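Bear in mind that the values here come from a model prediction, so they are computed numbers and not experimental data. All values below come from the heavy atoms of this structure, side chains included, with hydrogens, waters and symmetry mates left out. By convention in this document, chain letters (A, B, ...) are assigned in the order of the sequence lines, proteins followed by strands, and residues within each chain are numbered from 1.
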2 protein chains.
Amino acid sequence: MAVTPKGAGRHHHGALRRALLDAVADIVREAGPEAVSLRECARRAGVSHSAAAPHFGDKRGLLTAFVTEGEARLAATMRAEVAALPAEADAAARLAATGRGYIGFAQANPAHFRLMFRTDLIDRGDPAWRAAAEDAFAVLDQAMAAAVPGMDPRARRARLALAWSAVHGFSTLRAEGVGALWSPQVAEDVVGLVVAACVGGSGIGRASVVPPPRPSPAKRGRESRSGRGGA
Amino acid sequence: MAVTPKGAGRHHHGALRRALLDAVADIVREAGPEAVSLRECARRAGVSHSAAAPHFGDKRGLLTAFVTEGEARLAATMRAEVAALPAEADAAARLAATGRGYIGFAQANPAHFRLMFRTDLIDRGDPAWRAAAEDAFAVLDQAMAAAVPGMDPRARRARLALAWSAVHGFSTLRAEGVGALWSPQVAEDVVGLVVAACVGGSGIGRASVVPPPRPSPAKRGRESRSGRGGA
DNA sequence: CGAAAAACTGACCATTGGTCAGATCCGGGA
DNA sequence: TCCCGGATCTGACCAATGGTCAGTTTTTCG
C-alpha cells in the first residue's frame, strides 16, 4: 500500500507515531520522565495535542509504547554484553555479563529506565509491553538457569530474585540519584558478589569477586573491563 | 474543630500541618502516590488549597515533610526488627533482621515507600529530610560494619552496595507490582543469600539460607530449560 | 469520480499548582 | 480598653495539562 516515501504518511505529516516517540525520548533525556507532557510532545512533532489520540489513545498509551521500546533495548543490551564475551566464557561469566548489561543500560538511559518502572504511567496490560517485558526477563532467567542447572525450584527462585533485585536496586538507586558515591567499580563488584552468591559458595572460576571478609590480603583478581573509575 | 487544646492553633483550625500530613498519608494509602494533590489534601483538611503554603511552601515541601516521616518510620522498623532478635543473635543475624525490616516496611507501606524515592517530587536538599535519610542509612551501614569487621574499604563498600541494592530492589519491584510471584519466603531467602554473600562462605548460624547449588555431580544436560516469564 | 475512512485541528472542559490582595484571627503593647 | 503587627487563611485569578468532541482535511478504495 501507499507509495508514500516514508511509508506511513497520510497527512502532510508522515510517521507521526515515530515522531512522537522520538519526542518522548528527547524530553525524557533532557528533562526527566516527569517533564513528559502530551502537549510538549505534540509541539515538538509539530501537531496539535489531540493528534496523538488516533495513534496511542491517551498519554498512558504513548508512554507504554515508549517503555516497550525501552524493554527491547534493555534486552538487547544484556544480550550484547553476553555476546561480547570470549567464546570460552562459562555460564557464571554470562550471568555476570547479563547483570552488567542491565546496570549498564540503566546507567546509560537513567530517565528511560526510571519511566519503565512507573507502573502508574504505563499500561501493564498492553500485550506488546507484556511481551517485551517478558522477553527482557527471560534473558536474565535463562542466564540464571544456565548458571545453576538442576537446582531445586525454591533455591533457584531465590537466586533469581536476588539477582534481579540486586541489579534492579543498584540501577534504581543510581538512576534516582541516591548513593551517588557508587562507582562503576562498585557496580562490577556487586555483580561479582551476586554471581558468586548464586552459583556457589565463594570462589567461582571466572567471577573475580572482591575478596572475602578475611582481613588478610588475598589475591584480588584483576578485573576485566572496568577501566573508568569514579563517578 | 476543637478550640485548639494545644498551642499551635491560631485560626479555627488547629494543627493544620499535622492534618495535611495525615491527609497525604490517607490519599497515598488509598490511591497511591500519584493521586496526591495539594487541593485534595486541603479538601480533606477542610481548608482552601492555598492554606498549605504558609506551612510547607509548595507541594514539594509537603511531600518532603511526608517522606521525611517515612524515613524515620523505616529506620524505626529496621531497629525494631533487630531489637526483636534474641539476645544471643550474632552480627550476621542482626544484619539479616535489618534487611527484613527494610523489606517489611516497604511491603507494609508500598505507596509511602514508592514516594520516598520519587526524587522529582521531594526536595533532597531539605535538612530534615537529609537527616532522616542519613539516619535510616546508618542503620544498615552500622549493621554491615558489625557483620564484617575489619574488612578493607573496597570490599566493604561493595557489600554495603549489594545489601542495600538487594533489599531496595526487592522492595521496589514488589511495591511496583512487578514480580508478583514473590512470596514472603522468597524475601526471607533473598535476605539470607545476601547476608551469606556479605559475611562470608555460606552457612551463617541463624540465617537459614536456601541450600547451595550442589544437586548432583555429573550432569551437564539441559540448561536452557526455559523459565517462565515473570509478569 | 465520488464516498468512506482515517488523520488531524481547534475549541472546550475539568483539574492542578502557584500567586496575590485582602479578610480573619491571635498576641502584645498604648 | 483599644488598636496594631504578624501570622493564618480565603477566594480569586493565572498558566498549563489531559481528555473529549464536532468538524475539516487528506488518503484510500470502490
Exercise for the section: Look at B/E34 together with A/R118 and state whether they make a salt bridge at an N to O cut-off of under 4.0 Å. Expected result: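 Salt bridge flag = yes for A/R118 with B/E34.
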Exercise for the section: Look at A/R60 together with A/D58 and state whether they make a salt bridge at an N to O cut-off of under 4.0 Å. Expected result: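 So A/R60 does not pair with A/D58 through a salt bridge.
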Practice task
Mind checking side chain to side chain contact (heavy atoms under 4.5 Å, CB included) for A/S50 and listing every partner two or more places apart, or none if nothing turns up?
Solution key: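 Result, side chain to side chain contact (heavy atoms under 4.5 Å, CB included) vs A/S50: A/S48.
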Exercise for the section: Identify, with sequence neighbours excluded, every residue that meets ring-ring contact (aromatic ring centres under 6.0 Å, His included) alongside A/F56. Expected result: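 For A/F56, no residue satisfies ring-ring contact (aromatic ring centres under 6.0 Å, His included) once neighbours in sequence are set aside.
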Which atom pairs link the protein and nucleotides 11-14 of chain D when you take only N or O atoms and keep those under 3.5 Å?
residue: D/dG11; atom: O6; partner: B/S50; partner atom: OG; Å: 2.6

Could you tell me the separation between the [atom1] atom of [X] and the [atom2] atom of [N], rounded to a whole number of Å?
X: A/L16; N: C/dA6; atom1: CG; atom2: P; value: 17 Å
X: B/L121; N: C/dT16; atom1: CG; atom2: P; value: 15 Å
X: A/D120; N: D/dG18; atom1: CG; atom2: P; value: 14 Å
X: B/R17; N: D/dC9; atom1: CZ; atom2: P; value: 12 Å

Exercise for the section: Applying side chain to side chain donor-acceptor pair (under 3.5 Å), name anything that partners B/T98, two or more places apart in sequence or on another chain. Expected result: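 Partners of B/T98 by the side chain to side chain donor-acceptor pair (under 3.5 Å) criterion come out as none, since no residue qualifies.
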Exercise for the section: Enumerate the residues from residues 56-66 of chain A whose closest heavy atom to DNA chain D is under 4.0 Å, giving them by residue number; use none for an empty result. Expected result: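 Result for residues 56-66 of chain A: A/D58, A/K59, sorted by number.
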Problem - Flag side-chain contact, heavy atom, 4.5 Å: A/F105 against A/M116 - result: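 Yes, close enough: below the 4.5 Å cut-off.
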Practice task
Go through C/dG18, D/dC9, C/dC8 for me and flag the one nearest to the B/L38 side chain.
Solution key: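 Nucleotide nearest to B/L38's side chain: C/dG18.
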Problem - Short side-chain N/O contact to D/dT17 OP1/OP2 from A/R43, under 4.0 Å - result: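 So the side-chain polar atoms of A/R43 do come within 4.0 Å of the phosphate oxygens OP1 or OP2 of D/dT17, strictly under.
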Problem - Near-ring test A/F170/B/W164, centroid separation under 6.0 angstrom - result: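 Centroid distance B/W164-A/F170: not below 6.0 Å, so no.
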Handout entry: Residue whose nearest DNA chain C nucleotide is more 5′ - A/P54 or B/E40
Key =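 First, find each residue's nearest nucleotide; the 5'-ward one identifies A/P54.
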Problem - Which residues share a salt bridge (charged side-chain N to carboxylate O under 4.0 Å, His left out) with A/R73, sequence neighbours left out - result: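 None.
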